[in-house]
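Following: one structure in structure tokens, then a few remarks.
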Amino acid sequence: MSANSYKMFINGDWSISGELFADYNPTSGDVWAEVPDGTRAEARKAIEAAAAAQAGWAALPHPQRASYLLKAADILEKRQSDFASALVEEGGAWIGKGMFESGYTPGIFRAAAAAVYQMTGEILPSDHGKVSMVVRQPLGVVAVISPWNFPLLLSSRGLAVALAVGNTVVLKPSEETPVSGGLLIAELFDEVQLPPGVFNVVTCSRERVAEVGDELISNPHVRGVSFTGSTAVGRQIASQAGSLLKKACVELGGKDALIILDDADMERALNAATFGTFMHQGQICMSVERIIVDQSIAEDFTKRFVEKVKTLNVGDPHEMGNVIGPIINQRQLDKIHSQVTDAVDKGAELLTGGKHDGLFYQPTVLTKITPDMQIYKEETFGPVAPVITVNGVDEAVEVANDTEYGLSAGIITRDEEKGLAVAHRLQTGMAHVNDSSVNDEPHVPFGGVKNSGLGRHGGKASVDTFTELRWLTLERGGRHYPPPFVVTQT
Ligand code: NAD
């Protein structure tokens, strides 16, 4: 099958850049698509188009802005199978994950449409009898940079509310998923006839990303940045944006814990651990990356967990029965395998997995984990479960917090009050009692603390992220100069 050739979407126009780069299918290793390798010049063109369109877009009545998002949601629903298929082909998603992601994303657009009604301000009391108002205004042009692991969902999360509240957007999807994370979204907005320049997609290869990324952050028209990706790149982007006094919301990596307390419902624990660790081959920012289990149930849990993990089928992700598909690329696979090897070399016990066939990495369980192992501290982003045994609640909390990251967490216990008390003690942006760390909904404030990020996406939190507050007053003639207490000399 010959690869599809794509064009970029700039100023309502499907323009092409001179060179193309290969977009690989990680299951087959074949080139699935050829995509424009954009340069600084295309990024600038897109930003200028977005800047020119912004005032007109922001001036539209808000139900009109919302209606574009609602129509895009409807079209996405009708074309769900195209989107799911692209997620499988270029992202290596198991078909169930592709269906989930393409089925979930219309809700992001609908929640964003509703956010136009959350552009609320305030009337303040005034010391001087003025009408004193706080209003919200869009930032201007927002650059959205997104990752490959949930490309459709995470690009949409970055851009939908930004658009709804009156910003215009330039999206740069990951070089691993430029179609499902960018160009297919452009097709939606093209079909709903969004005014030209309001939404633009610039694609580029990893070789060009430093140049394109620099333009996206430093161009003076860009006033806000929404970044989702690794902590290393996010830190660099947030620093650059900060030095230019631009607002940046950065959603970064994680090393999330699933704490299983001594009174846990074992079935619930097994399901949360298996789903949380292995969904999408563990390539989720809030994947369970450490299972912290109380010693009183550790042996029983680990035995049953390994039995369950051995039932997960690895293989062609088009098959509904194969819940474990390929790792996105060789670089990621090498990182996963080197962490597993490092752990085993330092004394970890490999209970299952630890091998790979091409990019297909077997679901892996390790015990006897110690803090000197890379897998204890570093984000793995793969289908690997390190099981750590602790003695009691305090030690569980201490180990869970012993990380530079702080995205999400799960706590399994039959005692709901105790579960919430533990949730309050965890240094994370999100925590879920009796569930895994993997949870999201379009309207919730999603984000992390520590090295997992800065700022929040979702619903009202996105309205805060993508708007500025302004103070406006209306004076009604009560202020005199010189002031009345000044006694004039005669
Ligand atoms: P990445 O940081 O390598 O890439 C993310 C995006 O940044 C891509 O579009 C990439 O092209 C771009 N990029 C890379 N270098 C750049 C530069 N110098 N300037 C501008 N842009 C640049 O991350 P990834 O491998 O695509 O995604 C995996 C990471 O993302 C993991 O660490 C994961 O935890 C994290 N993630 C976080 C969340 C969250 O919401 N917290 C969600 C998903 C993924």
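This chain uses plain numbering: 1 for the first residue, then up along the sequence. Just so we're clear, the structure is a prediction, and the values are computed from it rather than from any experiment.
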May I ask you to decide if L153's main-chain N or O and E101's side chain share a donor-acceptor pair within less than 3.5 Å?
-> yes
Is there side-chain contact between V179 and Y6, with at least one heavy-atom pair below 4.5 Å?
-> yes
Return yes when atom CE of M119 has more than 12 non-hydrogen atoms of other residues, nucleotides or ligands closer than 6.0 Å, and no otherwise.
-> yes
Would you call K71-D74 a salt bridge at under 4.0 Å N-O?
-> no
Taking N25 for its side chain and T27 for its backbone only, find out whether a donor-acceptor pair lies under 3.5 Å.
-> yes
Is the number of heavy atoms from other residues, nucleotides or ligands within 6.0 Å of CZ (R235) greater than 12?
-> no
Which atoms form the tightest heavy-atom contact between L258 and S436, and what is the distance?
-> CD1-CA, 4.0 Å
Given side-chain contact (heavy atoms from CB on, under 4.5 Å), test V142 with V222 step by step and report yes or no.
-> CA-CA 6 Å; V142 170; V222 174; over 6 Å; no
Tell me, with the steps shown, if Q240 and D214 meet side-chain hydrogen bond (donor to acceptor under 3.5 Å, both in side chains).
-> CA-CA 9 Å; Q240 192 183 0; D214 180 64; 2.7 Å; yes
At their closest point, which heavy atom of G254 faces which heavy atom of S452, and how far apart are they?
-> CA-OG, 4.0 Å
Of all heavy-atom pairs linking D256 and C285, the shortest is OD2-O, 4.0 Å
Rounded distance [0.5 Å steps], OG in S338 versus CD in Q374 = 5.0 Å
Does a side-chain N-to-carboxylate-O contact under 4.0 Å join D464 and R136?
-> yes
Would you mind reporting whether K377 and E404 have side-chain heavy atoms less than 4.5 Å apart?
-> no
Is the number of heavy atoms from other residues, nucleotides or ligands within 6.0 Å of NZ (K246) greater than 12?
-> yes
If you measure from CG on D23 to CD on E89, what distance do you get to the nearest 0.5 Å?
-> 10.5 Å
Determine whether more than 12 heavy atoms belonging to other residues, nucleotides or ligands lie under 6.0 Å from atom CG of L454.
-> no
Check: S102 main-chain N/O paired with T105 side-chain donor or acceptor under 3.5 Å = no
Roughly how far apart are R208 CZ and D37 CG, rounded to 0.5 Å?
-> 4.0 Å
Going by heavy atoms in the side chains, are V387 and L366 under 4.5 Å from each other?
-> no
Taking the side chain as C-beta and beyond, is there a heavy-atom pair between Y376 and I388 under 4.5 Å?
-> yes
Please check if the side chain of T203 supplies one atom and the backbone of P36 the other of a donor-acceptor pair under 3.5 Å.
-> yes
Measure the shortest side-chain to side-chain distance between R157 and P442 over non-hydrogen atoms and say whether it is less than 4.5 angstrom.
-> no
Using atom types as modelled and distance alone, determine if a side-chain donor or acceptor of Q118 lies under 3.5 Å from a backbone N or O of V463.
-> no
If every non-hydrogen atom of S287 is compared with every non-hydrogen atom of G282, which pair is closest and at what distance?
-> OG-O, 3.1 Å
Within 45° of the axis and under 6.0 Å from the centre of the six-membered ring of F100, does NZ or CZ of K97 qualify?
-> no
Check the pair E207, F21 against side-chain contact (heavy atoms from CB on, under 4.5 Å), reporting the backbone distance first and the verdict last.
-> CA-CA 10 Å; E207 286 69 43; F21 71 96; over 6 Å; no
Does L60 offer a backbone N or O that forms a donor-acceptor pair with the side chain of R65 under 3.5 Å?
-> yes
Other residues, nucleotides, ligands: >12 heavy atoms within 6.0 Å of Q193 CD = no
Look only at the side chain of T380 and the backbone of G382, and say whether a donor-acceptor pair between them is shorter than 3.5 Å.
-> no
Distance only, no hydrogens: is a donor on one side chain within 3.5 Å (strictly under) of an acceptor on the other, for E42 and T39?
-> yes
The reported gap from CD1 in I411 to CZ in R425 (rounded to nearest 0.5 angstrom) is 11.0 Å
At what distance, to the nearest 0.5 angstrom, does OG1 of T428 lie from CG of N401?
-> 8.0 Å
Cut-off 3.5 Å, side chains only: do K450 and T403 have a donor facing an acceptor?
-> no
May I ask you to test the N149-F381 pair for a side-chain heavy-atom distance under 4.5 Å?
-> yes
So, Y104 side chain and E441 main chain: donor-acceptor pair closer than 3.5 Å or not?
-> yes
Donor-acceptor pair, side chain of T364 and main chain of Q362, under 3.5 angstrom = yes
Rounded distance [0.5 Å steps], CD1 in I145 versus CZ in F227 = 6.5 Å
Taking atom types as modelled and ignoring hydrogens, do the side chains of S437 and S408 form a donor-acceptor contact shorter than 3.5 angstrom?
-> no
Pick from Q332, Q281, H356, H337: which one makes a side-chain hydrogen bond (donor to acceptor under 3.5 Å, both in side chains) with Y361?
-> H337
Sidechain-backbone polar pair: D316 side chain, H318 backbone, donor-acceptor under 3.5 Å | yes
Can you tell me if OH on Y24 sees more than 12 non-hydrogen neighbours from other groups inside 6.0 Å?
-> no
R110 and E77 ion-paired at < 4.0 Å | yes
With a 6.0 Å cut-off on ring centres, are F189 and F109 close enough?
-> yes
Charged N to carboxylate O under 4.0 angstrom, E175 versus R206?
-> yes
Aromatic rings Y68 and W57: how do their planes relate, parallel, tilted or perpendicular, breaks at 30° and 60°?
-> tilted
Evaluate the side-chain proximity of E187 to W14: yes if any heavy-atom separation is below 4.5 Å, no if none is.
-> yes
T231 and G253 have their tightest heavy-atom pair at OG1-N, 3.3 Å
Considering only heavy atoms from C-beta outward, does the side chain of F150 approach that of H280 to under 4.5 Å?
-> yes
Considering non-hydrogen atoms only, spot the tightest contact between V212 and A43 and give its length.
-> CG1-CB, 4.1 Å
If you measure only the distance, is there a donor-acceptor pair under 3.5 Å linking the side chains of E90 and S180?
-> yes
Between the side chains of S5 and E34, does any donor sit under 3.5 Å from an acceptor?
-> no
Decide yes or no on side-chain contact (heavy atoms from CB on, under 4.5 Å) for I217 and I237, but give the supporting numbers first.
-> CA-CA 7 Å; I217 313 304; I237 283 174; 3.8 Å; yes
R456 charged N/C atom sitting above F446 aromatic ring, 6.0 Å / 45° | no
Could you walk me through whether V323 and M279 pass the side-chain contact (heavy atoms from CB on, under 4.5 Å) check?
-> CA-CA 8 Å; V323 294; M279 177 65 178; over 6 Å; no
Would N271 and K308 count as having a side-chain donor-acceptor pair, cut-off 3.5 Å?
-> yes
E215, H221, R223 screened by side-chain hydrogen bond (donor to acceptor under 3.5 Å, both in side chains) with N219, the one that passes | E215
